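Please read the structure below before turning to the comments.
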Amino acid sequence: MSDKYEIMYILRPDLSDEQADEAIKKYRDIIETNGATDIEIQQRGKRRLAYLIGKNRDGIYVQVNYTGSGKEIAPLERSMRLSEDVIRYLSLKLDPPKKAAKAAAAALAAESAAEA
């Protein structure tokens, strides 16, 4: 069964454009070799961090959306954890729109019942 996933990671701000592109390609290859499809990569550029991470005030944000089975997450996160280029990462499994709408409707119904 294939689900939609999103991974957001932040690269060190002192990387050159070539180094950042190489890192992005490296992580794309890891996702692809583990069976992910429909890979969409958005490089959000260098932005100010909300708080210091290490000694970094800025970071290069990259968002990756893909469809997969979930088995590609562990090797990808391991590679990011061991890399000095990635300062933070977060993986999310996205809910299908129908499930999210049902959950919102159930929460609204529960809230209405509690008020009555």
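No experiment lies behind these values; they were computed from the predicted model shown.
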Side-chain contact, heavy-atom cut-off 4.5 Å: [X] with [Y]?
X	Y	result
Leu11	Ile87	no
Leu49	Arg57	no
Asp3	Leu94	no
Met80	Tyr27	yes

Sequence neighbours excluded - salt bridge (Lys or Arg N to Asp or Glu O under 4.0 Å) pairs with any residue from residues 33-47: none
Residues in salt bridge (charged side-chain N to carboxylate O under 4.0 Å, His left out) with [X], at least two apart?
X	result
Arg81	none
Arg28	Glu32
Asp21	none

Nearest 0.5 angstrom please: [X] [atom1] to [Y] [atom2], how far?
X	Y	atom1	atom2	value
Ile10	Asp85	CD1	CG	13.5 Å
Ile73	Ser91	CD1	OG	5.5 Å
Arg78	Ile30	CZ	CD1	10.0 Å
Glu84	Leu15	CD	CG	11.0 Å
Gln63	Leu90	CD	CG	11.0 Å
Glu6	Asn65	CD	CG	4.5 Å

Find out if a path of hydrophobic residues (ILVMFWY) with successive side-chain heavy-atom gaps under 4.5 Å connects Met8 to Ile60.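 No, because Met8 and Ile60 fall into different hydrophobic clusters, even though each may have its own neighbours under 4.5 Å.
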According to a 4.5 Å side-chain heavy-atom criterion applied to Ile, Leu, Val, Met, Phe, Trp and Tyr, with indirect links allowed, do Leu76 and Ile39 form part of one hydrophobic cluster?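 Yes.
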Test your reading of the model: is there a side-chain donor-acceptor pair from Glu77 to the backbone of Ala74, 3.5 Å cut-off?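 It does not hold such a pair.
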Would you check if the side chain of Asn56 reaches a backbone N or O of Ile53 as a donor-acceptor pair within less than 3.5 Å?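 Answer holds: yes.
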Which atoms form the tightest heavy-atom contact between [X] and [Y], and what is the distance?
X	Y	value
Lys71	Pro75	O-CD, 3.3 Å
Asp14	Gln19	O-OE1, 4.4 Å
Gln43	Ala20	NE2-CB, 4.3 Å

Test of understanding: with side-chain contact (heavy atoms from CB on, under 4.5 Å), list the residues that count as partners of Thr33, not counting sequence neighbours. none
Sequence neighbours excluded - ring-ring contact (aromatic ring centres under 6.0 Å, His included) pairs with any residue from residues 36-92: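 Matches after skipping sequence neighbours: Tyr5-Tyr66.
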